[in-house]
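Start at 1 with the first residue, then count along the sequence.
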Amino acid sequence: ASISSSTFALGNAGNVTVTAPIISMDNASIKATAEKDSSGNAGAVTMNSSNLSIFNGGTISSSTQSKAYGNAGTVLVNVDNLLVDGQHNLAYTGIFTDSYSNYDAHGVDLNYGDAESIKVTAKTLTLLDSGKISSSTWSAGKAGDVLINTNQLLISGVDTGLFAAAEQTSSGQTGHIAVNANMINLMNHGKISLQNDATVSNPTTIKTGLISISSPDIDLKDSAITAE
């Protein structure tokens, strides 16, 4: 099942807003996309709920594979309780903004669009067993910021956590990760990670991303906060 908005041309995709007391997404998607042959922007995705649960390959996302400067849209999540549980599924589960490569016949990346930010405001935020909140770029565009405001943040599981990344094929522009929480618990290999794997001809063009964490109570056990 899916709710989606896309652009395949010059115009922008529309915004997607979902408001409901309880939202449960099991292998379902809500997304806004700037498709491969477009030059418009993807729309923003906004979720408003008391309880939002994302399971088993469910995704909320905005992405761009534009043939120009079309950006992904911002993803805004305003909830009381947010649960993202990947259930060890190989499929991505979580909240994403991405800028994908779009190469021409000569191997030149035509996509200069940015991934844009993810902003989550929640009383409780729980990420389990491959559940992710992530912004990445594979293109000449930038990854977006991951911005979290919550009372309680729990991250538990391998390949689980908050991520901002510039992949090998990108221009090396990661976003920032900022967390403001009253309590943070990371365990069982959970991560907060900023990673730049890009190889560029002029490293001085890379703008370094930052991880900023503000909390009076941080508990880490078999877990990591890394910038690489």
Side-chain angles (χ1 to χ4, degrees), residues 18-25 30 44-55 58-62 73-88 92-98 115-136 142-166 174-196 208-228:
V18 178
T19 302
I22 299 173
I23 302 173
S24 181
M25 300 175 59
I30 297 173
V45 178
T46 301
M47 307 292 295
N48 302 302
S49 181
S50 295
N51 293 286
L52 171 58
S53 301
I54 308 171
F55 298 100
T59 58
I60 298 169
S61 66
S62 185
T74 301
V75 175
L76 304 172
V77 177
N78 304 297
V79 298
D80 289 334
N81 304 296
L82 172 57
L83 170 64
V84 181
D85 187 351
Q87 300 179 339
H88 303 290
Y92 282 118
T93 301
I95 301 170
F96 305 94
T97 60
D98 296 298
E116 297 301 336
S117 298
I118 300 169
K119 300 177 182 179
V120 175
T121 301
K123 291 180 180 178
T124 66
L125 169 52
T126 303
L127 305 175
L128 302 174
D129 297 331
S130 301
K132 300 177 179 68
I133 299 176
S134 172
S135 183
S136 301
K142 296 180 290 186
D145 298 331
V146 176
L147 309 172
I148 307 296
N149 284 283
T150 184
N151 289 335
Q152 297 181 12
L153 171 61
L154 169 63
I155 300 174
S156 177
V158 176
D159 199 26
T160 305
L162 308 175
F163 301 92
T174 65
H176 306 299
I177 298 175
V179 179
N180 184 6
N182 290 329
M183 181 183 297
I184 299 174
N185 289 293
L186 275 73
M187 59 186 69
N188 300 323
H189 307 286
K191 295 183 74 174
I192 298 175
S193 172
L194 190 152
Q195 187 158 344
N196 195 329
T208 305
L210 300 173
I211 297 176
S212 172
I213 297 176
S214 176
S215 176
D217 187 350
I218 302 175
D219 185 9
L220 279 71
K221 183 176 182 181
D222 298 325
S223 57
I225 299 172
T226 62
E228 300 176 321

Colleague: If you compare all heavy atoms of S135 against all heavy atoms of A115, which two are closest, and at what distance to 0.1 Å?
Modeller: OG-CB, 3.6 Å

Colleague: Please check if the number of heavy atoms outside K119 that lie under 6.0 Å from its NZ is greater than 12.
Modeller: no

Colleague: When you look at L128 and L83, which way does the side chain to side chain contact (heavy atoms under 4.5 Å, CB included) test go after all the steps?
Modeller: CA-CA 8 Å; L128 302 174; L83 170 64; 4.0 Å; yes

Colleague: Would you list the atom pairs, donor with acceptor, under 3.5 Å between side chains in residues 221-228 and any protein atom, with sequence neighbours excluded?
Modeller:
unit_1	atom_1	unit_2	atom_2	d
S223	OG	L186	O	3.1
S223	OG	K221	N	3.4

Colleague: Is the backbone N or O of A178 less than 3.5 Å from a side-chain atom of S212, with the two atoms forming a donor-acceptor pair by type?
Modeller: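 No, because the side chain of S212 does not come within donor-acceptor range (under 3.5 Å) of the backbone of A178.
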
Colleague: Looking only at heavy atoms, what is the nearest atom pair of N81 and T124, with distance?
Modeller: OD1-OG1, 2.7 Å

Colleague: With sequence neighbours left out, write down each residue that passes ring-ring contact (aromatic ring centres under 6.0 Å, His included) with F96, or none if nothing qualifies.
Modeller: Y92

Colleague: Using modelled atom types only, decide if a donor and an acceptor are shared between the side chain of D85 and the backbone of Q87 within a distance under 3.5 Å.
Modeller: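 Yes: the side chain of D85 pairs with the backbone of Q87.
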
Colleague: So, S130 and D159: side-chain donor and acceptor under 3.5 Å apart, yes or no?
Modeller: no

Colleague: Does S193 use its side chain to pair, donor to acceptor, with the backbone of K191 at less than 3.5 Å?
Modeller: no

Colleague: Report yes or no: does T59 contribute a side-chain atom to a donor-acceptor pair with the main-chain N or O of S61 at less than 3.5 Å?
Modeller: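 It does not hold such a pair.
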
Colleague: Would you say S49's side chain and A20's backbone share a donor-acceptor pair under 3.5 angstrom?
Modeller: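 A pair under 3.5 Å: yes.
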
Colleague: If you compare all heavy atoms of I118 against all heavy atoms of S134, which two are closest, and at what distance to 0.1 Å?
Modeller: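 Shortest heavy-atom separation between I118 and S134 comes out as CD1-O, 3.2 Å.
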
